[in-house]
Every structure is written in structure tokens, then in C-alpha cells.
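Values below: every heavy atom of this structure, side chains too, minus hydrogens, waters and symmetry copies. Here is the naming used below: chain letters follow the sequence lines, and residue numbers restart at 1 for every chain.
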Amino acid sequence: MSTFYITTPIYYVNDIPHIGHAYTTIMADAITRFRQAEGHQTYFLTGTDEHGQKIEKSAEAQGITPKILADRVVERFKDLWRVLDIRYDRFIRTTDADHVAGVQHLFRKVLEKGDIYPGDYRGHYCVSCEGYVPETAPEAASGNKICADCGKETELLTERCYFFRLSAYEERLLCFYKDNPDFIRPASRMNEVVSFVKMGLKDLSITRSTVKWGVPVPDDPEQTIYVWFDALSNYITALGYPDATADFARFWPADLHVMAKDILRFHAVYWPAFLMAADLELPRKELIHGWWLKDEKKMSKSRGNVLDPHILLKYFPADAIRYFLMREAPIGADANFSHQGFITRINTELTNDWANLISRVGGMVSRYFSNRFPGQADYSAAEEELREDYLELENEVRSHFDAYAFNRGLERIMEYVNRLNRYIVESEPWKMAGQETLQPRLEAVLKTLVRAILSANALLAPVIPRSAARVREFFNHAGEGFGWKDPGEKFAVRDVEPLFPRVDPKQFFAEELQDSHPSPSPKEAQMNEKPQTPEGVISFDEFKKVRMVVARVVAAEKVEKTDKLLRLTVDTDSDTRTLVAGIAQYYTPEELVDRKIIIVANLQPATIRGIESRGMILAASDKDGRPYIPVIPEETPVGAIMR
RNA sequence: GGCGGUGUAGCUCAGCCGGUAGAGCAGUCGGCUCAUAUCCGAUAUGUCGGGGGUUCAAGUCCCUCCACCGCUACCA
């Protein structure tokens with residue numbers, strides 16, 4: 001029997017589960033169920049990443065141990081997976097003893113091989129946050145980086161740690177990508193990976209002495225193993241690595257790692273390199289999906305636009321959420337989540353088309369045959385056509401699902417559902433009902449509909465398993481595999497109950513979005529007929545958000561190795577700040593010094609050419625992009641606000 | 001700047017190896033009554049981002065420009 005090993009990332013317990021976690025996990029679950037229906041023996045792994053400084057600190061803040069903190073969050077994940085009908089084989093935690101042992105073994109093995117070596121890590125360390133900031137962080141005038149969390153300057157720190165010899169794997173990785181062009185799906189992501197590796201790989205520091213909450217380095221208890229070496233290893237330790245367990249032999253290498261695009265590099269570059277270093281086989285494929293956006297923006301805790309699946313679960317069954325997420329988003333692209341879109345999709349496709357089809361067919365079988373077919377059906381070409389259409393549908397849907405294009409597959413299934421609804425209207429069974437001679441025809445029509453429903457139901461089952469099981473119950477059919485369903489000529493059915501009760505959009509928006517979602521998207525606001533400023537017009541309040549002040553240029557210099565950039569130091573009265581402007585081709589530093597200009601003072605800082613630019617200079621721009629800096633009357637005080 | 005992607009009906013998107021535009025939703029009109037006020041049919045709207053080129057024929061190939069997005073070591 002062929003096997004299929006699939007994983008989600010392990011989720012960081014610093015965050016409580018949200019729709020993004022749900023998306024990845026539902027996708028993996030649907031794929032698992034699909035592979036099962038195809039006859040594969042599957043192993044589905046998910047879990048949590050529990051180590052690291054953030055956990056250490058937030059546990060400290062709550063006055064509990066990191067493990068207790070993790071235990072609590074883990075329960076929330078498991079609860080959500082239970083509610084969403086996620087059927088995993090193992091929920092691994094990086095604090096599991098076998099994982100810890102496995103990571104240590106892996107570390108030791110690569111160390112002995114020589115691809116892990118001790119060295120010094122130099123980084124920009126934030127004392128108050130007790131952590132390193134990334135190289136991409138903005139830089140202060142002193143040359144030190146600025147910590148994104150607290151805004152304080154960092155200091156350059158050197159600490160002893162272990163490095164992984166990632167640089168040695170550049171060629172081998174590129175070869176691997178070349179030989180396995182399908183390794184990363186969708187293909188566009190593969191290009192990103194290849195170009196990243198081609199730019200050159202630096203060795204990776206994989207341990208920390210500043211972090212205590214982690215897997216200790218074997219024989220060097222001062223050090224703990226840092227995030228990625230620890231976390232990625234879960235995919236093999238879950239199967240029993242380093243022991244030659246039956247699971248490991250049967251399921252490794254993984255057939256599919258599913259993840260969101262933000263952790264692509266770690267899975268597509270670091271992970272294969274680690275495995276090569278350990279002489280292990282590489283995963284076969286990695287499926288990268290996009291993000292769910294809210295109001296066109298990435299959901300984030302700080303933005304407060306995170307979508308909690310529990311709100312939807314109050315109104316809709318888990319299958320509705322599963323269906324929507326799989327149906328709505330194209331394979332690798334970001335998708336926008338809107339409640340309006342959600343309700344419309346569920347009400348039209350699942351309620352009106354699919355559930356109502358089942359309801360009307362079930363109703364007729366009950367009324368006209370008392371739920372039991374006599375077995376005297378008189379079939380015509382129309383019924384045979386329905387069967388043939390189904391077989392064609394199944395081929396297409398399976399190949400879509402095989403390519404993980406669930407949106408396409410589900411779309412095709414709905415076409416078939418529409419086809420069935422049309423068939424009912426065309427055959428007009430209610431007109432046959434009263435006529436004795438047409439009973440065999442009526443039986444043929446309804447039976448064929450039940451068969452078609454059961455068949456389509458099997459295709460839907462990986463995505464909406466719970467309602468699929470109910471449909472099987474309604475029609476007394478146990479088989480979960482694919483194919484044209486034939487329960488026999490004399491089969492009996494049960495009474496059918498509503499599958500996806502209609503949710504009234506008005507009620508949903510009135511009750512739910514008011515309390516739980518203080519800022520509905522513009523579209524939804526319009527649905528609620530709230531007043532809106534006309535397109536292209538901003539309100540006075542919106543205008544007031546922009547803080548423009550008069551500033552005096554204290555110093556100006558060209559940014560080295562650029563043609564267009566000037567680095568300006570300006571005095572705004574309340575502070576002195578640096579900003580970068582792309583005006584060097586038209587203005588010399590000399591003519592700007594001491595001049596008064598207008599700057600946007602509350603613009604989000606950006607790092608340009610390694611310089612943090614806090615604000616932007618206001619200038620008119622002609623169609624060629626040439627800037628014209630307005631002249632400010634000499635007597636204007638520095639710090640004056642424009643309005 | 002480099003590499004990649006996207007730009008098609010009001011909205012969300014299909015359109016493979018080129019043959020004079022499609023679906024769903026929303027809108028309008030009509031039909032049915034078995035069904036969760038559900039279903040079925042018909043129907044308006046598009047210079048397929050702009051410009052140029054190849055071709056008998058181009059959303060579909062080539063060039064170029066614009067906008068937006070992703071990765072990345074630079075024009076806020």
C-alpha cells in the first residue's frame with residue numbers, strides 16, 4: 001500500500017490559533033482525507049513550537065513556567081482542531097522528550113560530521129529586550145541598529161555559539177532544485193528560493209547562550225539549540241528519528257510539507273541542507289500557500305484585525321469554514337477574507353445548491369416512495385448521461401485535487417450540482433408522482449439523483465467530512481471511496497434533515513460584527529448602509545492624521561554610491577531627525593542647508609540604503625518626476641504645523 | 001536596481017499549445033413549485049492596464065511603458 005506523509009508547520013505557542021493556522025491545517029487535513037480516499041496509507045503531523053525567548057519572557061510576565069504557558073496554548077490548538085474535524089496522527093510538541101532527544105542526536109551527528117562547528121556570533125543585541133535584532137533593522141545615527149520592539153539602540157555583541165555550515169550546501173541545493181523542479185509548489189516560489197541561494201549562503205548560527213528555554217546542546221549545557229534547527233527537526237523526530245522505527249521507515253521522506261509563504265526559506269533552504277548534512281532523504285514536495293488578508297492587509301495582532309474562527313463557528317458549522325477556505329483562495333495567492341463573501345459563498349453554494357438539492361430529493365423519496373424504492377425503475381438515456389457526466393467530473397476533480405487546486409475542484413463539483421438541479425426541473429418528478437404508469441420513471445429519476453448525490457458527496461468529503469458523513473447516513477450508504485455509487489436497486493433511505501441551515505446575513509452582520517468587529521471593511525460598511533465618503537475623497541479626520549511640519553535643514557550630504565539620494569538632517573523644533581530624499585539629481589547639499597522645508601513628520605520610518613529615514617520631504621513633482629521644493633517664508637517658525 | 005508575479009464585466013476570478021471574450025456573485029426579465037423564500041431559463045455591461053510589433057488572425061507570442069504585489073543588498 002502506498003504511503004503519504006504530510007505535515008503542517010508546528011505553530012508557535014506565543015500566538016493563539018487564528019484563521020491562518022486553521023487554513024494551513026484544514027488544507028493538510030483535506031489533502032490527507034483525499035489521499036486516504038485514493039487508498040493511500042497516510043500520516044498527518046501537526047504540533048507546536050514551544051521554545052525560545054518570547055515564550056520564556058511572556059511566561060515570566062504571567063508568572064508561570066514556559067511549559068505551563070505552552071500547555072495552555074496547546075490546549076487551545078487541540079480544541080480548535082477538534083472543532084474543525086482535523087484528524088491528525090500525531091500532535092508533536094518541541095518539548096516532547098522524544099523530540100528533544102531526536103534533535104540532540106541530529107545535532108551530534110552533524111557536529112561529528114563537521115558541518116556544525118563552534119564560533120562567535122556577532123549581532124546587534126537589544127539589552128532591554130534581551131534579544132538580537134535582525135540585520136535588516138533600521139540604523140541609528142551612531143551606526144547601531146534600532147530595536148523594532150522597544151525603539152532603543154542596540155549594542156554589538158559577540159557570543160560563543162555553534163554554526164551550521166550552510167555555505168557548503170549551495171551547490172548541492174541548486175542541483176537538487178534543478179533535478180526536482182516540482183519541489184516547491186507553486187512554481188513562482190521556486191524562483192525565489194533559487195535566486196536566494198544563488199546570491200550566496202552564509203553559515204547559520206544555530207545555538208544561543210542567551211536563551212535558556214530550549215533544547216540543550218549535547219555536552220555543552222551553556223548553549224541551547226536555536227529555533228530552526230529545533231523546530232524543523234520535528235518532521236523526523238515525530239516518526240521516531242533517530243530510531244529505525246517502523247513509522248520512520250514507512251513514511252520518511254515526507255510527501256508534502258504544507259506552509260504559508262513566510263516560512264518558505266527555512267523549509268526550502270535550511271531544512272534540505274540539514275537533512276543532507278545528516279545523510280537523510282529530502283522531502284518530496286512543499287506546498288506554499290498565501291495569506292488570508294483582512295481589509296487588504298495581513299492579519300496581525302498589532303493591527304487588531306486577526307480573525308478568530310470561533311466567531312464564525314458560532315453561526316456556521318466547521319464544514320462551512322473548511323469549504324470556504326478551500327473554495328475561495330487560488331492555490332498560492334493571498335486572498336481577502338470578507339464576511340460578506342463568506343456568507344454569500346456558503347449560502348449560495350452549500351445551502352442553496354447543495355443542501356437544498358439533498359433536501360428536495362430526500363423529500364420526494366420520502367413522500368413518493370416512503371423512503372423505500374420498490375426496484376422497478378425504468379431508466380432512460382438521461383440517467384445514463386448523468387452517470388457519464390459524473391465519471392468525467394470525478395476525473396477532473398481528482399486531478400485538480402491531486403495538484404492541490406481545491407478551489408478548482410470544488411468549483412467543478414458545484415457545476416455538477418447545478419446540473420443535477422437542472423435535471424430535476426427538466427424531469428419534473430412532481431408531475432409524475434400522481435400517475436401510476438409513470439412510477440417506474442419516477443423511481444429511475446430519484447434513484448439516479450440519490451446515486452449522483454452520493455457520488456458527488458464522496459468528492460466533497462475530504463473538504464467537508466462531517467456533512468458528508470451525514471449525507472451518507474441520510475441515504476444509508478457507508479462507502480467512502482470514489483466512483484459512481486450504487487447501493488442496489490431496492491435501497492431504502494432515511495428522513496433528510498437540513499444540512500447547512502441558512503444564516504441570515506442581516507442578522508449575522510447586525511449581531512456579530514457589531515461587538516466582535518468594531519471596524520468592518522469598507523465593503524461591509526456599505527452593505528450596512530453606513531454613510532461613506534465618496535470615492536477619492538478623504539474626510540477631514542483622515543486629513544488630520546497627516547502631520548506636516550516646517551523643518552530646517554541642518555545638514556545634507558549625498559548618500560554614497562547612489563545617484564539620487566540625499567541624507568538630510570533636519571530640525572523640527574521638537575527633535576532632530578534624519579531623512580533620506582531622492583532629490584540629489586536636482587538639488588545640491590549646499591543649497592539645501594539652512595533652508596526651511598516641509599516634512600511629513602508622522603510617516604512610518606523606512607530604511608533606505610541602511611539609513612533610517614524618519615519622514616519625507618514635501619516637494620512638487622512634474623511628470624518626469626523632477627522635484628520642486630516649495631519656498632517657505634523666512635519668518636515661518638521651525639516646527640510650525642501645516643494645515 | 002535585479003529576479004518573479006499580477007493587471008480580463010460593478011465585485012471575485014477562468015481563459016491550455018494564438019482564431020475575433022467566459023463563470024460565479026450582484027442587477028433586470030421570465031418559468032417552476034419537489035425543496036432551507038430554495039431551483040431553472042433568458043439578459044445588459046467589457047477599447048481583455050497603455051503603446052508598438054509579428055501574423056490571414058493576439059487577453060493568448062515579441063518589445064516597451066505604467067500600476068500594484070512578492071523575494072532581494074538603494075531613491076519615503
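As a whole-Å value, the separation of A/Arg419 CZ from B/rC40 P is 12 Å. B/rC71 atom C1' lies 10 Å from atom CZ of A/Phe196, rounded to whole Å. Regarding A/Ile343, its CD1 atom lies at a distance of 13 Å from the P atom of B/rA26, rounded to whole Å. The nearest whole Å value for the distance from the CZ atom in A/Arg408 to the C1' atom in B/rG24 is 13 Å. What separates CD1 of A/Ile288 from C1' of B/rC71 is a distance of 13 Å, to the nearest Å. B/rA76 atom C1' lies 13 Å from atom CD1 of A/Ile597, rounded to whole Å. Atom C1' of nucleotide B/rG4 and atom NZ of A/Lys198 are separated by 13 Å, given to the nearest angstrom. Taking atom NE2 of A/His400 as the reference point, atom P of B/rC16 lies 13 Å away to the nearest angstrom.
Because its glycosidic torsion is more than 90° from 0, B/rG50 is reported here as anti.
Take A/Lys261 and apply the salt bridge (charged side-chain N to carboxylate O under 4.0 Å, His left out) test, not counting sequence neighbours, and it matches A/Asp334. The side chain to side chain contact (heavy atoms under 4.5 Å, CB included) check on A/Pro501 picks up nothing, with sequence neighbours excluded. Taking the side chain to side chain donor-acceptor pair (under 3.5 Å) definition, one finds that A/Arg470 meets it with nothing, sequence neighbours left out. In this structure, the side chain to side chain donor-acceptor pair (under 3.5 Å) partners of A/Glu349, at least two apart in sequence or on a different chain, are A/Tyr323, A/Arg327, A/Arg345. Here A/Glu286 pairs with nothing under the salt bridge (charged side-chain N to carboxylate O under 4.0 Å, His left out) rule; sequence neighbours left out. Applying the ring pair (Phe, Tyr, Trp, His ring centres under 6.0 Å) rule to A/Phe324 yields the partners A/Trp292, A/Phe337, A/Phe342; only residues at least two apart in sequence or on another chain are considered. When the side chain to side chain donor-acceptor pair (under 3.5 Å) test is applied to A/Thr24, the partners found at least two apart in sequence or on another chain are A/His289. For A/Pro429, the side chain to side chain contact (heavy atoms under 4.5 Å, CB included) partners at least two apart in sequence or on another chain are A/Met364, A/Ile424, A/Ser427, A/Leu442.
If you take atom P in B/rU20 and the same atom in B/rA26, they sit 30 Å apart, rounded to whole Å. Between B/rG41 and B/rA23, the two P atoms lie 12 Å apart (nearest whole Å). Between the C1' atoms of B/rA35 and B/rC40, the separation comes to 13 Å (whole Å). Taking atom C1' in both B/rA57 and B/rA44, the straight-line distance is 29 Å, to the nearest Å. B/rG59 and B/rC34 are spaced 49 Å apart, taking the P atom of each and rounding to whole Å. Of the C1' atoms belonging to B/rU72 and B/rC17, the separation is 34 Å, rounded to the nearest Å. Using P as the reference atom, B/rU60 and B/rG50 are 10 Å apart when rounded to the nearest Å. If you take atom C1' in B/rG15 and the same atom in B/rC71, they sit 28 Å apart, rounded to whole Å.
Regarding contacts with the backbone of B/rC40, a side-chain N or O of A/Asn418 is found under 4.0 angstrom from either OP1 or OP2. Not one side-chain nitrogen or oxygen of A/Arg265 sits closer than 4.0 Å to the OP1 or OP2 atom of B/rC71.
Secondary-structure annotation of RNA chain B gives the stems B:1-7 with B:66-72, B:10-13 with B:22-25, B:27-31 with B:39-43, B:49-53 with B:61-65, with a stem taken as at least 3 successive Watson-Crick or G-U pairs whose two distances both fall under 3.5 Å.
Here A/Met414 lies out of heavy-atom contact (under 4.0 Å) with every strand.
The side-chain heavy atoms of A/Val227 and A/Phe266, taken from C-beta on, include no pair separated by under 4.5 Å.
Residues A/Asn191 and A/Arg327 both approach RNA chain B. Their nearest nucleotides, taken by heavy-atom distance, put A/Asn191 toward the 5′ side.
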Using nucleotides 67-70 of chain B, report all nitrogen or oxygen pairs with the protein that are shorter than 3.5 Å.
| residue | atom | partner | partner atom | Å |
| --- | --- | --- | --- | --- |
| B/rG70 | O2' | A/Arg189 | NH1 | 3.1 |
| B/rG70 | O2' | A/Glu192 | OE2 | 2.9 |

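The residues A/Arg441 and A/Glu383 are annotated as salt-bridged, a charged nitrogen and a carboxylate oxygen being separated by less than 4.0 angstrom. Ion pair A/Arg398/A/Glu394 flagged as a salt bridge, since at least one NZ, NE, NH1 or NH2 atom sits closer than 4.0 Å to an Asp/Glu carboxylate oxygen. Ion pairing between A/Lys202 and A/Glu170 fails under the 4.0 Å rule for side-chain N and carboxylate O.
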Walk along nucleotides 31-37 of chain B from 5' to 3' and tag each nucleotide B, S or - by protein heavy-atom contact under 4.0 Å, base first, then sugar-phosphate. -SSBBB-
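Applying the side-chain hydrogen bond (donor to acceptor under 3.5 Å, both in side chains) test to residues at least two apart or on different chains, the pairs with a partner in residues 355-371 of chain A are A/Arg360-A/Asn421, A/Asn371-A/Asp495.
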